[in-house]
Amino acid sequence: MIEISGLRKTYRSRKGSVVAVDGVDLSVGEGEVFGVLGRSGAGKSTLLRCVNMLERPDAGAVTVGGLELTRLGRRELRVARQGIGMIHQHFALLSSRTVAGNVAFALEVTGAPRAGRKARVAELLELVGLADRADAYPAQLSGGQKQRVGIARALAARPKVLLSDEATSALDPETTESILRLLLDLNRRLGLTILLITHEMNVVKRICTSAAIMRDGRFVESGRITELLRRPGSELARDLFPLDTAAPLDAAGVPLEAAMQGGARVEAGAPAVAGAEAGAGLQAGAGAGAGLQAGAEAGVGVQAGAEAGVGVQAGAEAGAGVLTSVGAPTSLDTAGARLPGGGEATTIVDITVSGPEADEPIIADLARRFAVDVRILGGSVETLAATRAGRWRIALPGTPEANREAVEYLRERGVTS
Ligand SMILES: Nc1ncnc2c1ncn2[C@@H]1O[C@H](COP(=O)(O)OP(=O)(O)OP(=O)(O)O)[C@@H](O)[C@H]1O
């Protein structure tokens with residue numbers, strides 16, 4: 001429904017120029033709710049305003065409902081814009097007009113015949129739950145009610161696409177929830193495609209089927225939420241489902257993420273080392289130089305990548321422990337082994353499930369099938385917009401080698417990578 005490619009927008013002034021959108025590609029399918037998350041100044045508003053051409057991009061193409069807006073002249077654009085509604089953080093209502101008057105204004109602008117306007121206004125106010133406030137003035141409304149007027153007005157011309165510019169940022173959590181519920185309801189009832197920008201993760205969690213993270217004018221990550229949850233190293237997955245990353249390595253004194261992001265990673269291809277063969281791990285790491293140093297500073301020691309993508313972190317100092325990562329070493333989708341104080345090894349596995357599988361007893365099943373004592377180190381189950389999803393970090397006693405079948409079973413079920 002919305003296709004954007006190579007979008008760029010630079011603001012130029014006497015003081016210099018600011019690249020607000022720096023080569024964004026985006027595809028929003030019909031009926032999708034797509035959220036663009038980012039901090040202030042990331043370029044979100046500019047991106048949104050380029051979708052309905054309130055800002056003319058310098059480069060790139062914007063196509064909405066099959067119509068390439070970037071090719072249209074001013075008059076054609078005015079007609080095309082009627083298919084794209086927009087709501088704003090501060091509602092942008094006319095203070096001198098009543099609720100009904102504000103909605104009617106949108107119909108006047110689009111040139112809707114006078115005869116049907118009154119009935120259409122009543123229908124729209126019913127749709128957003130404001131039928132009883134038709135004669136009130138904006139100053140007499142709560143923030144949530146004002147936004148409902150904004151939504152009714154945006155839907156006046158029966159658009160297929162709704163752009164939402166931080167629509168809930170000025171609202172308290174309870175009102176935010178009711179507006180998000182309304183947007184989701186409209187999305188489902190009218191088949192409305194929604195592109196929203198927000199700095200609130202909760203908004204994405206509640207109603208988005210897809211999302212992107214925007215930083216410095218670019219998308220650093222983008223995709224369907226269910227796919228992102230399974231993507232190794234996904235920022236969005238980490239923010240939506242924080243796992244207790246410090247827990248697995250507490251005994252070794254180094255948080256998993258700190259060790260992995262601290263440069264202690266050695267590229268795959270180094271000799272594979274696991275569990276008790278920590279000495280070999282030290283050697284592999286020593287060969288990798290940076291890996292050894294970073295690890296040693298962190299008090300953990302050496303990390304070596306195996307041919308099969310198995311990373312090993314071994315304690316350089318006595319009793320520091322061993323961490324073995326299976327899969328991408330920088331991601332949360334890892335399985336690890338730890339020898340606290342030279343003691344028992346533990347295999348750490350991250351599990352991600354979505355859809356009906358989120359309600360299946362995967363962990364209990366694993367425990368039964370492999371007669372293994374599973375410890376849950378962190379995680380949760382959430383209801384996202386379209387689906388239930390869960391992420392857990394679990395610990396299995398023994399080395400990854402000893403748990404190979406159990407981990408393979410989880411991989412085959414597609415719940416770990
Ligand atoms: N009209 C303008 N003239 C000059 N620079 C602008 C203009 N509008 C935005 N910018 C700059 O472009 C960059 C992106 O701004 P934009 O408002 O798109 O970001 P944002 O992510 O929506 O932030 P916020 O949530 O604070 O609105 C910022 O550096 C901003 O200062």
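Values below: all heavy atoms of this structure, side chains included; hydrogens, waters and symmetry mates excluded. As the structure is a prediction and not an experimental result, all values here were calculated from the model. Each ligand, and each atom within it, is numbered from 1 in the order the structure gives.
Of the protein's heavy atoms, Y11 CD1, 3.2 Å lies nearest to atom 6 (C) of ligand 1. Atom 26 (O) of ligand 1 has its closest protein heavy atom at S40 OG, 2.5 Å. The protein atom (non-hydrogen) at minimum distance from atom 12 (O) of ligand 1 is A20 CB, 3.5 Å. The closest protein non-hydrogen atom to atom 19 (O) of ligand 1 is G43 N, 3.1 Å. Looking only at heavy atoms of the protein, atom 29 (O) of ligand 1 is closest to V18 CG1, 3.6 Å. In terms of protein heavy-atom proximity, atom 25 (O) of ligand 1 is nearest to K44 NZ, 3.3 Å. Nearest protein neighbour of atom 27 (O) of ligand 1, counting heavy atoms only, is S45 OG, 3.6 Å.
Judged purely by distance below 3.5 Å, without hydrogens or angles, the side chains of E32 and T193 never pair a donor atom with an acceptor atom. Between the side chains of S17 and R12, not a single donor N or O lies within less than 3.5 Å of an accepting N or O. At a cut-off of 3.5 Å, with distance as the only test, no side-chain donor of S96 or Y137 sits close to an acceptor on the other residue.
At a threshold of 4.0 Å, the pair D165-R49 does not count as salt-bridged, since none of the basic side-chain nitrogens sits closer than that to a carboxylate oxygen. In this structure, R97 pairs ionically with E108, as a charged nitrogen and a carboxylate oxygen lie closer than 4.0 Å. At a threshold of 4.0 Å, the pair D22-R218 counts as salt-bridged, since one of the basic side-chain nitrogens sits closer than that to a carboxylate oxygen. Between E123 and R158, at least one side-chain nitrogen of the basic residue sits less than 4.0 Å from a carboxylate oxygen of the acidic one, meeting the salt-bridge criterion.
Distances between N or O atoms of G41 and those of ligand 1 include at least one value under 3.5 Å. Between A42 and ligand 1, an N or O atom pair is found at a separation short of 3.5 Å.
With sequence neighbours left out, the side chain to side chain contact (heavy atoms under 4.5 Å, CB included) criterion links H199 to E166, S169.
Distances from atom 18 (O) of ligand 1 to the heavy atoms of L47, L37, T46 show the closest one on T46.
The atoms of ligand 1 that sit less than 4.0 Å from any heavy atom of R39 are 21 (O).
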